[in-house]
> 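Quick one: structure below, then a few questions.
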Number of protein chains: 2
Amino acid sequence: MDGKPGLRERKKQRTHAAISEAAITLFLEHGFNQVSVAQVAEAAEVSKRTLFAYFPAKEDLVAHRLADHETELARVVKAGPPGTAPLTTLREHFLQRLRERDPITGLNDHPQVLRLTRMILDTPSLVARMDRFKTGAERALAQALQETADTPELTARLAAVQIVAVQWALAGDNAERLTYGESADARYAGAVADAEHAFALLENGLRQLTGSDSWPSDQPGDAGRSSAGQSGRSANGSAMSRSTLR
Amino acid sequence: MDGKPGLRERKKQRTHAAISEAAITLFLEHGFNQVSVAQVAEAAEVSKRTLFAYFPAKEDLVAHRLADHETELARVVKAGPPGTAPLTTLREHFLQRLRERDPITGLNDHPQVLRLTRMILDTPSLVARMDRFKTGAERALAQALQETADTPELTARLAAVQIVAVQWALAGDNAERLTYGESADARYAGAVADAEHAFALLENGLRQLTGSDSWPSDQPGDAGRSSAGQSGRSANGSAMSRSTLR
DNA sequence: GAGTAAATGTATACCAGGTGCAGAAATATC
DNA sequence: GATATTTCTGCACCTGGTATACATTTACTC
């Protein structure tokens, strides 16, 4: 099978790509709300009706590029080495993405990427679209956790929403800092430290959040990590040693 | 001051209420997407333009009723007894809301409430509006945590997104079960058990989510809570003793 | 209590996103 | 090459939301 995609299929792919590119180009140049779908259609040399046949809504002209990420965490968990805690797999994966400067982590400062990120974060309807991705990611991850680590259903759901929420928070924080001028490389160490702190929080819980007394960082199995870099811009140097590798 | 609201103010309030009631009535009867704002305006005997002066978007005709909940968690934390862990305050608050069958917990089965809940959950644009509330709640709670427990900024943000996400998951789960016919009273015990399980997870972390071996529930300071009711509908009887009261 | 300024409401026209429909054009199949 | 099936197009249309210009009401002042 799949000997040839067929002419029809290839044309569809080309049309899809043409519309998407025209859209992104126009959006980056004039802003999402300043460009109408009619303009996009015209630029892509397609009718408005055809555009909506390829993209169900205007937001999808942007969002379809991130569609893969909806099931990414679930796939990572499923593909992870058995016997390893899913959280460990997920943390390693996130750190890997930071290293790669994957835009999904908010740690990519290529001008194009940065502009696109800003546009999404500044456009309410696009943020709403992202939230739908989040919901989808939660569902998929919950199912993956249930299958691979046979976690009870509710526990899997609760874990999934926490994990997804935390990773988006980390990415949002990185993106915010980059838009304030920090370079990805300068931010990297801090991003790693923050990520490790966040995953440690996920693993060990919010017990630390007691009323007045500061946190007792001596968990059995936690290598006494001191408060990882969160205050301000100063990247606190090299990433500290992995601790909760299980 | 505030001796009298003034005629103008009173009239505004009455108009606001009239529009809102007309909207809810029509929406419940015919569905959100089946009713146009023009119809709502007509039913409320107001011009379309005036309607939009009171409610910036169609979704707000429904969402404004839940606006208070956006800052609820933050207020609870700020008003909580000092010296108590915020998580404890929040858990007690949530359990209290369950007892009261507050619709926000998904545990209210009055037909009107149930229909409204269903309508919201079944209407994508309304779900999106709820997500904006979630984001607002996260921001407010993060700030509250930062102030009251002087938690570092990042930690507060991470904790906030986890807490909000978990509470919405619990509420969603309850609402889902009620729409499958379960009564609020029948669901109550299970809802409490699930909530306690969820808050225990927040406090103690997802360490339990290891690869293969089941969870070691003997934390120092955790009174060895066994797996709280999550599997299916069976409410596992009475709520167990509070453990992590700090 | 009349007169005036400020707020509020209305009517109308308009724009943009999105859909239904009928027919034209292109592709696949024989 | 003829035909059946997709796909594309143009057009009309609906709805949410806004701009403008004008009418009405309320509040304030003398």
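Proteins get letters first, then strands, A, B, ... in listed order; numbering begins at 1 in each.
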> Nearest whole Å is fine: how far is dT15(D) P from Gln34(B) CD?
11 Å
> Does the pair Arg75(B)/Asp68(B) count as a salt bridge with the N-to-O cut at 4.0 Å?
no
> How many angstroms lie between CD1 in Ile120(B) and CD in Glu59(B), if you round to the nearest 0.5 Å?
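Rounded to the nearest 0.5 Å, the CD1-CD separation comes out at 11.5 Å.
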> Could you tell me how far apart His30(A) (NE2) and dA16(C) (C1') are, to the nearest whole angstrom?
17 Å
> With no hydrogens and no angle check, do the side chains of Glu147(B) and Gln143(B) hold a donor and an acceptor under 3.5 Å apart?
yes
> Tell me, which of residues 48-57 of chain A have any heavy atom that sits under 4.0 Å from an atom in DNA chain C?
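By residue number: Lys48(A), Arg49(A), Phe52(A), Ala57(A).
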> Would you say Lys11(B) reaches dT26(D)'s phosphate, i.e. side-chain N/O to OP1/OP2 under 4.0 Å?
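Yes, within the criterion.
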> With sequence neighbours left out, write down each residue that passes ring pair (Phe, Tyr, Trp, His ring centres under 6.0 Å) with Phe94(B), or none if nothing qualifies.
none
> Strictly below 4.0 Å, heavy-atom distances to any atom of DNA chain C: list the hits from residues 35-45 of chain A, or just say none.
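Under 4.0 Å from DNA chain C: Val35(A), Ser36(A), Val37(A).
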> Might you point out which heavy atoms bring Ala44(A) and Val46(A) nearest each other, and give the distance in Å?
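In terms of heavy atoms, the two residues are closest at O-CG2, 3.0 Å.
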> Which nucleotide in the list dC8(D), dG9(C), dG18(C) gets nearest to the side chain of Thr15(B)?
dG9(C)
> Counting C-beta onward and ignoring hydrogens, is there a side-chain heavy-atom pair between Asp185(A) and Arg101(A) closer than 4.5 Å?
yes
> For the pair made of CD in Glu59(B) and P in dG16(D), what is the distance, rounded to whole Å?
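The distance from CD of Glu59(B) to P of dG16(D) comes to 9 Å, rounded to the nearest Å.
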> So which of residues 117-129 of chain B are in contact with DNA chain D, with a heavy-atom cut-off of under 4.0 Å?
none
> Find the distance Asn33(B):CG to dG17(C):P and express it as a whole number of Å.
19 Å
> Side chain of Asn174(A), backbone of Leu107(A): donor and acceptor closer than 3.5 Å?
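Such a contact is absent between Asn174(A) side chain and Leu107(A) backbone.
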> Rounding to an integer number of Å, can you tell me how far Lys58(A) NZ sits from dA16(C) C1'?
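Value for this atom pair: 8 Å.
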> Between Gln96(B) and Glu92(B), do the side chains contain a donor N or O and an acceptor N or O under 3.5 Å apart?
no
> Show the atom names and distances, to 0.1 Å, of all donor-acceptor pairs under 3.5 Å that link a side chain in residues 126-141 of chain B to residues at least two apart or in another chain.
residue, atom, partner, partner atom, Å
Arg129(B), NE, Asp60(B), OD1, 2.9
Arg129(B), NH2, Asp60(B), OD1, 2.8
Thr135(B), OG1, Asp131(B), O, 3.1

> Please round to the nearest 0.5 Å and tell me the distance separating atom OG1 of Thr105(B) and atom CG of Leu95(B).
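Rounded to the nearest 0.5 Å, the OG1-CG separation comes to 10.5 Å.
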> Quick one: bend of the helix from dG1(C)-dC30(D) to dC30(C)-dG1(D) from 5 pairs per end, to 10°?
20°
> Tell me, with the steps shown, if Leu73(B) and Val77(B) meet side-chain contact (heavy atoms from CB on, under 4.5 Å).
CA-CA 6 Å; Leu73(B) 298 187; Val77(B) 165; 5.7 Å; no
> Considering non-hydrogen atoms only, spot the tightest contact between Phe32(B) and Ser125(B) and give its length.
CE2-OG, 3.7 Å
> Measure from CD on Glu9(B) to P on dT26(D) and round the result to the nearest Å.
13 Å
> Would you kindly give the CG-to-P distance between Leu61(B) and dT15(D), to the nearest whole Å?
16 Å
